Protein chains: 2
Amino acid sequence: MTTLTAALPNIFSTLEHDHKKCVSKALDTAQHLCVVRGVQLTPIRLQVLELIWDSHKAVKAYDLLDRFKLQQQAAKPATIYRALDFLIEQGLIHRVESLNAFVGCNCSEHQHELLLLICKHCHEVDERPAPKVMAVLSEEFSQAGFIAYSKAIEAQGICLKCQQSQDEQNSLTGRTDLSVNLKPYSVFDLSQD
Amino acid sequence: MTTLTAALPNIFSTLEHDHKKCVSKALDTAQHLCVVRGVQLTPIRLQVLELIWDSHKAVKAYDLLDRFKLQQQAAKPATIYRALDFLIEQGLIHRVESLNAFVGCNCSEHQHELLLLICKHCHEVDERPAPKVMAVLSEEFSQAGFIAYSKAIEAQGICLKCQQSQDEQNSLTGRTDLSVNLKPYSVFDLSQD
DNA sequence: ATCAAGGATGTTATAATATAACATCACACT
DNA sequence: AGTGTGATGTTATATTATAACATCCTTGAT
């Protein structure tokens with residue numbers, strides 16, 4: 001079993017992922033960075049960050065608001081959006097553009113460009129550094145004479161964990177293919193007409 | 001002059017870009033693809049496509065609606081969104097996730113993954129095939145055991161044309177740097193603490 | 001000790017983006 | 001004529017995000 005899970009690239013596999021540790025590392029880093037930068041990680045901002053780190057799924061602002069309200073009943077959208085703005089500015093979370101949602105950044109202490117692997121099935125987001133991709137991207141930019149100020153590489157797909165649990169289901173139901181319910185990203189090509 | 005403009009990677013440079021030709025090519029391709037695929041490029045869908053191709057800027061749905069209303073006063077959001085859905089499905093336009101906006105696809109006849117260079121200044125979007133980027137990306141996916149169904153690579157920055165026109169302005173105003181008004185995508189790195 | 005300045009938050013309202021749900025229409029096939 | 005399908009019309013509403021202005025709190029200058 002250990003060998004199996006050790007082989008899994010998916011870092012959130014429940015068998016090897018200690019989420020409490022993961023969260024406390026993220027919060028510690030956040031505290032540290034804010035102190036160093038002389039910015040305030042206020043109770044509201046910290047609470048929102050904690051809510052985001054509740055899972056590795058991308059969360060919607062209004063879902064955060066609903067959960068935030070359990071503690072601060074009078075909270076309004078602006079409360080959440082302001083906290084989100086701050087956290088994004090400080091690189092502590094990412095905005096997932098293709099979902100209008102937010103996810104904790106798991107390497108906020110480093111300068112980095114981001115590759116987000118977004119699972120359509122479980123909605124977890126796996127953030128990867130992907131330096132090779134970024135190097136090639138930079139080449140493209142300079143070829144185009146383009147000065148890039150932000151890069152958001154977001155890929156929608158199915159994570160390994162969900163592929164596997166789907167495989168299990170399929171072995172029971174007789175289904176063989178996950179992709180039947182999904183449209184591949186490009187289904188037409190007339191270039192060889 | 002010809003040599004100068006010929007050296008410009010920016011394909012929308014007004015000096016070399018015949019937009020009428022560009023649009024009619026796009027519309028012809030769209031018509032052709034729809035016939036081949038047996039789907040209907042209805043008057044509404046065609047009109048919306050034309051409105052989008054009015055420029056190479058990304059357009060908002062409600063801006064399209066406003067312009068559409070000049071011809072069909074009673075039009076409602078659903079009219080536009082339905083047309084947009086169709087055009088996206090057919091690969092005739094792209095949704096720019098980071099802007100909640102839409103832009104014509106300039107190579108809809110080919111299967112392709114997209115690299116969108118989005119100019120913060122003029123809002124034009126330069127779509128590039130970028131096969132190298134995509135190859136490296138695919139490597140990343142397989143390393144992660146991730147099955148990707150869509151890729152949207154969107155980079156925000158300043159296109160060459162705007163850099164140049166800004167340079168001209170700066171030579172008059174004495175400014176030297178475009179980036180002063182812009183936040184680079186990563187301004188902090190504590191990794192060498 | 002006041003007072004001004006700046007940052008954070010509270011509060012109300014509204015803007016901007018997008019979809020649901022159901023009715024109707026038009027055309028194609030039988 | 002009847003039926004099915006895809007497109008559109010129409011109303012309403014959901015979802016996401018920001019504007020604008022008031023208040024409060026800390027800090028530092030006078």
Side-chain angles (χ1 to χ4, degrees), chain A residues 30-31 33-35 37-49 51-52 57-69 71-90 92-103 118 123 152 154, chain B residues 30-31 33-52 57-69 71-90 92-103 118 123 152 154:
Chain A
Q31 302 265 18
L33 287 179
C34 289
V35 169
R37 293 173 188 159
V39 296
Q40 301 177 50
L41 189 58
T42 61
I44 288 180
R45 291 165 175 175
L46 181 57
Q47 259 180 282
V48 170
L49 184 59
L51 288 175
I52 290 174
K57 300 184 198 307
V59 231
K60 302 276 188 174
Y62 277 72
D63 290 344
L64 286 172
L65 177 57
D66 288 342
R67 289 200 271 140
F68 190 87
K69 277 181 172 171
Q71 301 171 328
Q72 315 271 332
Q73 211 188 327
K76 302 283 186 302
T79 307
I80 299 300
Y81 280 104
R82 282 172 184 152
L84 291 172
D85 287 346
F86 171 86
L87 296 170
I88 289 170
E89 255 174 41
Q90 297 302 321
L92 302 173
I93 63 172
H94 297 299
R95 190 187 149 82
V96 183
E97 300 289 353
S98 54
L99 297 178
N100 295 330
F102 306 85
V103 72
I118 304 158
H123 304 119
E154 301 183 4
Chain B
Q31 302 265 18
L33 287 179
C34 289
V35 169
V36 169
R37 293 171 189 162
V39 296
Q40 301 179 50
L41 189 57
T42 61
I44 288 180
R45 290 165 177 177
L46 182 57
Q47 260 179 280
V48 171
L49 185 58
E50 285 174 339
L51 288 175
I52 289 174
K57 299 185 199 306
V59 230
K60 300 275 187 175
Y62 276 72
D63 290 344
L64 285 173
L65 177 57
D66 288 342
R67 290 199 270 140
F68 191 87
K69 277 182 174 172
Q71 300 171 331
Q72 316 270 333
Q73 211 188 327
K76 302 282 186 304
T79 308
I80 299 298
Y81 280 105
R82 281 172 184 152
L84 291 172
D85 286 347
F86 172 86
L87 296 170
I88 289 171
E89 254 174 42
Q90 298 302 320
L92 302 173
I93 64 172
H94 297 300
R95 189 187 150 83
V96 182
E97 300 289 353
S98 53
L99 298 178
N100 294 330
F102 306 86
V103 72
I118 304 158
H123 303 119
E154 302 183 5

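Predicted model, so just to flag it, every value in this text is computed and none were measured. Chain naming here is simple, since letters A, B, ... match the order of the sequence lines and numbering starts at 1 in each.
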Atom CG of Leu65(A) and atom P of dT18(D) are separated, to the nearest Å, by 15 Å
Sorted by chain and residue number, the salt bridge (charged side-chain N to carboxylate O under 4.0 Å, His left out) partners of Arg45(A) (sequence neighbours excluded) come out as none
Residue set satisfying side-chain contact (heavy atoms from CB on, under 4.5 Å) with Val39(B), at least two apart, ordered chain then number -> Cys34(B), Arg37(B), Phe86(B), Gln90(B)
Is the phosphate of dT16(D) approached by Arg95(A) (side-chain N or O, under 4.0 Å from OP1 or OP2)? no
- prompt: When you look at Phe68(A) and Ile44(A), which way does the side-chain contact (heavy atoms from CB on, under 4.5 Å) test go after all the steps?
  reply: CA-CA 9 Å; Phe68(A) 190 87; Ile44(A) 288 180; 4.1 Å; yes
Leu46(A) atom CG is separated from dT9(C) atom P, nearest whole Å, by 11 Å
note: Lys60(B), atom NZ; dA17(D), atom P; distance rounded to Å ~ 11 Å
B/S/- along nucleotides 5-11 of chain D (protein heavy atoms under 4.0 Å) is -SSBBBB
All heavy atoms of Leu49(A) vs all of Leu92(A), minimum pair found to be CD1-O, 4.2 Å
Correct closest heavy-atom pair for Ala83(A) and Val48(A) would be CB-CG2, 3.7 Å
Exercise for the section: Give the intermediate values and the outcome of side-chain contact (heavy atoms from CB on, under 4.5 Å) for residues Leu84(B) and Ile52(B). Expected result: CA-CA 10 Å; Leu84(B) 291 172; Ile52(B) 289 174; 3.7 Å; yes
Ser98(A) meets the side-chain hydrogen bond (donor to acceptor under 3.5 Å, both in side chains) criterion, sequence neighbours left out, with Glu154(A), Gln156(A)
note: Asp85(A), atom CG; dT16(D), atom P; distance rounded to Å ~ 16 Å
In whole angstroms, the gap separating P of dG7(C) from CZ of Arg37(A) amounts to 17 Å
Here the distance between atom P of dT17(C) and atom CG of Asn100(A), to the nearest Å, is 11 Å
Between the protein and nucleotides 27-30 of chain C, list the N/O to N/O atom pairs that are separated by less than 3.5 angstrom.
none

From CG of Leu99(A) across to C1' of dT15(D) the rounded distance in Å is 14 Å
Between CG of Leu84(B) and C1' of dT17(C) the distance, given in whole Å, is 12 Å
Applying side-chain hydrogen bond (donor to acceptor under 3.5 Å, both in side chains) to Gln73(A) and not counting sequence neighbours gives none
His94(A) vs Ile88(A) side-chain heavy atoms within contact, under 4.5 Å:
no
Within the stacking criterion (centroid distance below 5.5 Å, interplanar angle below 30°), does Tyr62(A) stack on dT15(D)?
no
